[in-house]
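In this text, all values refer to a predicted model and were calculated from it rather than measured experimentally.
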Amino acid sequence: MSEERKPLNFIEQIIEEDLANGMSKNNLRFRFPPEPNGYLHIGHTKAIGISFGLGEKYNAPVNLRFDDTNPAKEEQEYVDAIKEDVAWLGYKWDKELFSSDYFQQLYDWAIHFIKEGKAYIDSQSSEAMAEQKGTPTQPGVDGPYRNRTVAENLELFERMKNGEFDEGSHILRAKIDMQHPNMLMRDPIMYRILKKEHHRTGNTWCIYPMYDWTHGESDYIEQISHSLCSLEFKPHRELYDWFLDQVVDQSLIRPKQREFARLNLSYTIMSKRKLLQLVNDGIVNGWDDPRMPTISGLRRRGYTPNAIRKFVETVGVAKRDNIIDVSLLEFCIREDLNKTAPRVMAVLDPVKVIITNYPEGKEEWFDAENNQEDETAGFRKVPFSKELYIEKDDFKEEASNKFFRLKLGGEVRLKNAYIIKAENVVKDNEGNIKEIQCTYSEDTSKKVKGTLHWVSIKHAIKAEVREYDRLFIDEAPDSHQDKDFMEFVNPNSLKTIKAFVEPSLKEAKIGECFQFQRLGYFNVDNDSSSEQLVFNKTVGLRDTWAKQKPKQNNNQPQKPSNSQQQRKAIDVIQKLGKKYTNLSEEKQLKVKAEIQELAKNVSYDELQPLFNTAVKKVGTRIAVALALAVLLQNGQERNGDVNDFINKALEDKNELLVFEAKALS
RNA sequence: UGGCCUAUGGUGUAACUGGCAACACGUUGGUUUUUGGUACCAAAGAGUCUAGGUUCGAGCCCUAGUAGGCCAACCA
């Protein structure tokens, strides 16, 4: 078997390098460290996928560690929800751990720091400390308590721990460097007083360690080899390493923090705080609302772990900011459901069809294939009768032959049943179509272009269908400095429909996924009961017909084409020039004309700097020559610079350039 | 008066560590089809932010610039 080299992402490359440099594969260990202060969302799935994915790839353990150092925000409810979500995604953690497990060890180390003169108690207000800290562009200054004696520090810290002081009156800081260019190194806080009950340690502690102090040391205690987090923690790495330096035993694994770009999805927000606001403001009905990008929301919407994992895998891992198009997510769920979801028929927006030549009272039960993508899926029975529903959109009195659904005088196939022909329509006083009268033919071998889905009115079950649209109408709702993301909330993100579904769906269970043929994928919502079936639309089928129809809603995002036009002519010329020499002769002529046209809007001052373009950049020089010709024609005088440029071009070995230069001389 | 990170088709990620840019989504055609779905075929779309440099050769290395992001919570 030839070994295929699958490209490695930069984190895998780092690991491979470490392995090559002698690290044992057995020492590989990862962790996923959520703070239990909210629900996991699709963005977290990337972090989960990276660390757990590495665990699977290298057969290494992955800990689930709750970063619970702030009792004010964290709750058991979130711990449970997070565990459920990670497990649902199909990942298995090695140990379930909590940073709070390490509070004693952290405390002991802190004492050690104080004794070594590497930490001290500060007793100022947070405002005073913030002022001394400086700004990103200005260094900080030492505070008045920075040089307390070890004995004094030890005593105060002891009393902090014993609860003798109020919140905010003292803190423990690492003693590093108040002038450090990295603000995180300007004597960062290690402990603060918080007289709150902790979800796990109760009232044992009233001082709690800060993230920076806790995280690296927790990694070290657990012997995590690679500690992976998102980009905004990059500046923390220096501090992470500093803290580690103070305690690390050379014979043990020293964890490495590495950072990747977090996932952003178009038309979506990822901030827990903002998601919470949607919940609190009643924009959505809870964290698991199917419109939410939370894992629980996606689950309820009908997304599968498979699809989400595939998505995260496809998205890749790198270090630059990104916005992933939701269409990729939709592709992943369609791809998965196409293979697995049983097909059924449902009519969401019904219009009545009467089959005039079908006997009154007769019914037939046809075999219908459950899933042509899956041979083992089998068949079910669907009932047929004289009166049916089809979709309103599937009928037009008159239409061009591009419309191959039902029209007067035309024939279509009813999926799994007969071919019918529309003969007549009955309308109410206002001209709305009340029923379509058709005749059927038992010859089903005939070739007809359209196939429609339908339900027998007599047998159909009423069901509620919830159709969702994106929650925001802006591609990046929280990226506008001047506008609040709430301004972009889509008021029509939920549409509730009374639909008719085939009777086989009567026994459908909560969570089950179906393809409503020709419409999309739907799953049974939690709100569903034996009296009232409720479906969520997970995602529609690809609909190439909809694209052909003239667009009715002109809310199309404006094309960024004007920004293209606004690009300065000289820049465009430069760009065109670059590829000039690689083009076919025919295309060269086109580009040449384009450059000549653009050159009319170029000033000499813009062009002049390009005269000394590097010799090897022939294409650019040709473009300059072409533009120069236009300028000269329009009265630009030939000065020394111009002549130098021309002469140099004449001496070039590239024929095209020489040709254009000759035209100038 | 700063530090750090990033820059490749519309989007995302690659490019065997320097050898004339690939894959997926999306887009556009077409074939098949009892889903205008799926599957399959094909096409268009970037010459790698700019300018210099090193090199026989640069998307990969160096220098300078530009643009974007992150850093001033007793949050994580």
_I'd like to know whether A:Arg200 forms a salt bridge (Lys or Arg N to Asp or Glu O under 4.0 Å) with A:Asp68, so could you lay out the CA-CA distance, the side-chain angles of the two residues, the decisive distance to 0.1 Å, and finally the verdict._
CA-CA 9 Å; A:Arg200 300 194 81 240; A:Asp68 57 348; 5.1 Å; no

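- Of the candidates B:rU1, B:rA14, B:rU33, the closest approach to any side-chain atom of A:Ala318 belongs to B:rA14.
- Looking at heavy-atom distances under 4.0 Å, A:Met129 makes no contact with the nucleic acid at all.
- Across all strands, A:Tyr191 comes closer than 4.0 Å to no nucleic acid atom at all (heavy-atom distances).
- Shown are A:Lys256, A:Glu217, A:Gln257; of these, the side-chain contact (heavy atoms from CB on, under 4.5 Å) with A:Tyr240 is made only by A:Gln257.
- Pairing for B:rC16 is absent, judged as Watson-Crick or G-U wobble with the two contacts each under 3.5 Å.
- Taking 4.0 angstrom as the limit, A:Arg542 places none of its side-chain polar atoms (N or O) nearer than this to OP1 or OP2 of B:rU35.
- With its glycosidic angle more than 90° from 0, B:rG68 adopts the anti conformation.
- Of the C1' atoms belonging to B:rG57 and B:rA42, the separation is 34 Å, rounded to the nearest Å.
- Of the candidate nucleotides B:rG36, B:rC74, B:rU34, B:rU34 has the atom nearest to the side chain of A:Arg413.
- Contact annotation: A:Lys547 reaches the phosphate of B:rU27 (side-chain N/O to OP1 or OP2, under 4.0 Å).
- Looking at A:His215 and A:Arg31, their side chains do bring a donor and an acceptor atom within 3.5 Å of each other.
- Distance NE2 (A:His198) to P (B:rA76): 10 Å, rounded to an integer number of Å.
- Among the atoms of the strands shown, base atoms are found under 4.0 Å from some heavy atom of A:Ile171.
- In this structure, A:Ile176 and A:Asp187 approach most closely via the heavy-atom pair N-OD1, 2.7 Å.
- OP1 or OP2 of B:rG3 has not a single side-chain nitrogen or oxygen of A:Arg186 nearer than 4.0 Å.
- The side chain of A:Lys234 has B:rC5 as its nearest neighbour among B:rC5, B:rA15, B:rU1.
- Judged by distance alone, with hydrogens and angles left aside, the side-chain atoms of A:Arg262 form no donor-acceptor pair with the main-chain N or O of A:Lys46 at under 3.5 Å.
- Note on A:Arg65 versus A:Asp219: salt bridge recorded, some NZ/NE/NH1/NH2 to OD/OE distance being below 4.0 Å.
- Atom C1' of nucleotide B:rU34 and atom CG of A:Leu414 are separated by 10 Å, given to the nearest angstrom.
- An OP1 or OP2 oxygen of B:rG37 is reached within less than 4.0 angstrom by a side-chain nitrogen or oxygen of A:Thr544.
- With distances taken from any side-chain atom of A:His236 to the nucleotides B:rA72, B:rA76, B:rA14, the minimum falls on B:rA76.
- Judged by closest nucleotide on RNA chain B, A:Met183 is the one of A:Arg192 and A:Met183 placed further toward the 5' end.
- Within 4.0 Å (heavy atoms only), A:Leu541 reaches at least one base atom of the nucleic acid.
- Backbone-only engagement by A:Glu35 is indicated by non-hydrogen atom pairs under 4.0 Å involving sugar-phosphate atoms exclusively.
- When the C1' atom of B:rG26 is taken as reference, atom CD1 of A:Ile323 falls 16 Å away, rounded to whole Å.
- In this structure, the ring of A:Phe311 has its center no less than 6.0 angstrom from the ring center of A:Tyr303.
- Base pairing analysis places B:rG2 opposite B:rC71; the two distances defining the Watson-Crick or G-U wobble pair are each below 3.5 Å.
- The phosphate of B:rU6 has OP1 or OP2 within less than 4.0 Å of a side-chain N or O from A:Lys319.
- When distances run from any side-chain atom of A:Pro235 to the nucleotides B:rC70, B:rA15, B:rC74, the shortest one goes to B:rC70.
- Judged by distance alone with a 3.5 Å cut-off, no donor-acceptor contact links the side chain of A:Gln372 to the base of B:rU38.
- Across all strands, A:Phe331 comes closer than 4.0 Å only to sugar-phosphate atoms, never to a base (heavy-atom distances).
- Nearest nucleotide to the side chain of A:Pro181, out of B:rU38, B:rU35, B:rG3: B:rG3.
- For the OP1/OP2 pair of B:rG36 and a distance below 4.0 Å, the side-chain nitrogens and oxygens of A:Arg405 include no atom meeting the criterion.
- Nucleic acid contact class of A:Asn37 (heavy atoms, under 4.0 Å, all strands): none.
- A:Arg518 has a side-chain polar atom (N or O) that falls below the 4.0 Å cut-off from OP1 or OP2 of B:rG36.
- Applying the 90° cutoff around 0 to the glycosidic angle, B:rU17 is assigned syn.
- Nucleotide B:rC25 forms a pair with B:rG10, judged by Watson-Crick or G-U wobble geometry with both contacts under 3.5 Å.
- With a 3.5 Å ceiling on both atom-pair distances, the Watson-Crick or G-U wobble partner of B:rU63 is B:rA51.
- Nucleotides B:rA15 and B:rU1, compared at atom C1', are 40 Å apart to the nearest Å.
- Contacts of A:Asn322 with the nucleic acid, taken as non-hydrogen atoms under 4.0 Å apart, involve only primed sugar atoms and P, OP1 or OP2.
- When the C1' atom of B:rU33 is taken as reference, atom NZ of A:Lys447 falls 8 Å away, rounded to whole Å.
- Judged by centroid separation below 5.5 Å and plane tilt below 30°, A:Tyr211 does not stack onto the base of B:rA76.
- Checking the phosphate oxygens (OP1, OP2) of B:rA76, a side-chain nitrogen or oxygen of A:Thr69 falls inside 4.0 Å.
- Between the C1' atoms of B:rU38 and B:rU31, the separation comes to 14 Å (whole Å).
- When each of A:Phe379, A:Trp454, A:Phe384 is paired with A:Phe366, the ring-ring contact (aromatic ring centres under 6.0 Å, His included) condition holds for A:Phe384 and for no other.
- Using the Watson-Crick or G-U wobble rule with both distances under 3.5 Å, B:rG45 pairs with nothing in any strand shown.
- A:Leu239 places its CG atom 15 Å from the C1' atom of B:rC4, with the value rounded to the nearest Å.
- A:Lys402 comes within 4.0 angstrom of a nucleotide base, judged by non-hydrogen atoms across all strands.
- Straight-line distance from the CG atom of A:Asn264 to the P atom of B:rG68: 17 Å, rounded to whole Å.
- Within 4.0 Å of A:Leu194, counting heavy atoms only, lies no atom of the nucleic acid at all.
- A:Phe403 comes within 4.0 angstrom of a nucleotide base, judged by non-hydrogen atoms across all strands.
- Remark: the A:Gln179 side chain and the B:rG2 base include no donor-acceptor N/O pair separated by less than 3.5 Å.
- The listed nucleotides are B:rA14, B:rU34, B:rG2; the one nearest the side chain of A:Asn9 is B:rA14.
- Spacing between B:rA46 and B:rC23 at atom C1', rounded to whole Å, works out to 14 Å.
- For A:Asp543, the listed nucleotide lying nearest its side chain is B:rG36; candidates were B:rG69, B:rG36, B:rU35.
- Among the atoms of the strands shown, base atoms are found under 4.0 Å from some heavy atom of A:Ser126.
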*Could you go step by step and tell me if A:Asp336 and A:Lys310 meet the salt bridge (Lys or Arg N to Asp or Glu O under 4.0 Å) rule?*
CA-CA 9 Å; A:Asp336 189 37; A:Lys310 177 76 193 297; over 6 Å; no

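- Base contact: A:Gln13 has a heavy atom under 4.0 Å from a base atom.
- A:His453 comes within 4.0 angstrom of no nucleic acid atom, judged by non-hydrogen atoms across all strands.
- A donor and an acceptor atom, one from each side chain of A:His198 and A:Glu74, are nowhere located under 3.5 Å apart.
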